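The structure presented is a predicted model; accordingly, all values stated were derived computationally and were not measured. Here is the naming used below: chain letters follow the sequence lines, and residue numbers restart at 1 for every chain.
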Amino acid sequence: MKINESILYPIGVVAKMFGISVATLRLYENEGLILPQKSKGQHRSYTDKDIQRIACIRDMINEKGLNLAGIRMVFSTLPCWKIKNCSEEERQNCPAYQDSQDPCWISKNADSVCGTEDCSICPVYSEFADCRNIKHILKKYWNPSSIQDPLKV
DNA sequence: ATTCTGACA
DNA sequence: TGTCAGCA
């Protein structure tokens with residue numbers, strides 16, 4: 001069993017966990033790297049998934065040499081249209097599929113299938129909390145035949 | 001006491 | 001990234 005199954009942490013606790021400031025955590029959020037949910041008022045609530053994601057972000061910064069823009073770019077490559085099984089029409093009307101260099105959760109428009117959804121609980125966001133396994137997880141969505149024509153996936 | 005948003009060294 | 005203001 002997972003001990004911290006549904007525990008939510010306030011920003012101050014998370015900051016201490018990683019030895020960073022609350023300002024830095026808000027920065028990651030503003031840069032589109034994390035999507036903590038908001039509770040009473042506007043207070044942020046971090047789940048264990050968020051914690052894991054932040055650990056990956058810290059690793060990419062400290063060990064992999066990426067800056068925030070680089071990390072955002074990595075997230076922008078997630079094939080949300082495959083994960084969400086978007087129809088051809090939906091893809092044509094979605095900026096995340098068309099031209100976005102940003103993660104889908106910050107490039108989506110109101111009229112897309114993701115329009116009213118809470119991206120913090122969407123698999124495109126939540127399933128990649130462990131960003132070290134991005135490539136592994138992608139294999140589940142990317143059928144072999146699509147690599148023949150990568151531009152029309 | 002803690003967090004929030006926005007602005008700015 | 002840090003910090004300061006003015007709230008809730």
Review point. Take atom NZ in A:Lys38; do more than 12 heavy atoms of anything else shown fall under 6.0 Å from it?
Key: yes
**Study point:** A:Gln92, CD: over 12 other non-hydrogen atoms inside 6.0 angstrom
**Key:** yes
Using whole Å, what does the distance between atom [atom2] of nucleotide [N] and atom [atom1] of [X] come to?
X: A:Arg26; N: B:dT2; atom1: CZ; atom2: P; value: 13 Å
X: A:Asn30; N: B:dG6; atom1: CG; atom2: C1'; value: 10 Å
X: A:Ile11; N: C:dT1; atom1: CD1; atom2: P; value: 13 Å
X: A:Tyr9; N: B:dT3; atom1: OH; atom2: C1'; value: 19 Å
X: A:Glu29; N: C:dT1; atom1: CD; atom2: C1'; value: 16 Å

Check your understanding: For DNA chain C, what string of dots and brackets results from 5' to 3' when Watson-Crick and G-U pairs need both distances under 3.5 Å, crossing pairs get [ ], and pairs with another strand get |?
Key -> .|||||.|
Exercise for review: Specify whether A:Trp105 and A:Phe75 have parallel, tilted or perpendicular ring planes, treating 30° as the upper limit for parallel and 60° as the lower limit for perpendicular.
Suggested key: tilted
Exercise for review: Counting heavy atoms from C-beta on, name the nucleotide in C:dT1, B:dT5, B:dT3 closest to the side chain of A:Lys38.
Suggested key: B:dT5
Check your understanding: Choosing from C:dT3, C:dT1, B:dT3, which nucleotide comes nearest the side chain of A:His43?
Key -> B:dT3
Point to revise | Under-4.0 Å side-chain N/O to phosphate OP1/OP2 contact, A:Arg44 with B:dT3 | key: no
**Study point:** Side-chain N,O (A:Ser21) to OP1/OP2 (C:dT1) below 4.0 Å
**Key:** no
Review point. With a non-hydrogen cut-off below 4.0 angstrom, is A:Leu27 in contact with a base, only sugar-phosphate, or nothing?
Key: base
**Study point:** Nearest heavy atoms of A:Asn85 and A:Glu90, plus distance in Å
**Key:** O-OE1, 4.3 Å
Point to revise | Cationic N near anionic O, under 4.0 Å, A:Arg44 to A:Glu29 | key: yes
Review point. Is it true that a side-chain atom of A:Arg72 and a backbone atom of A:Glu31 form a donor plus acceptor pair closer than 3.5 Å?
Key: yes
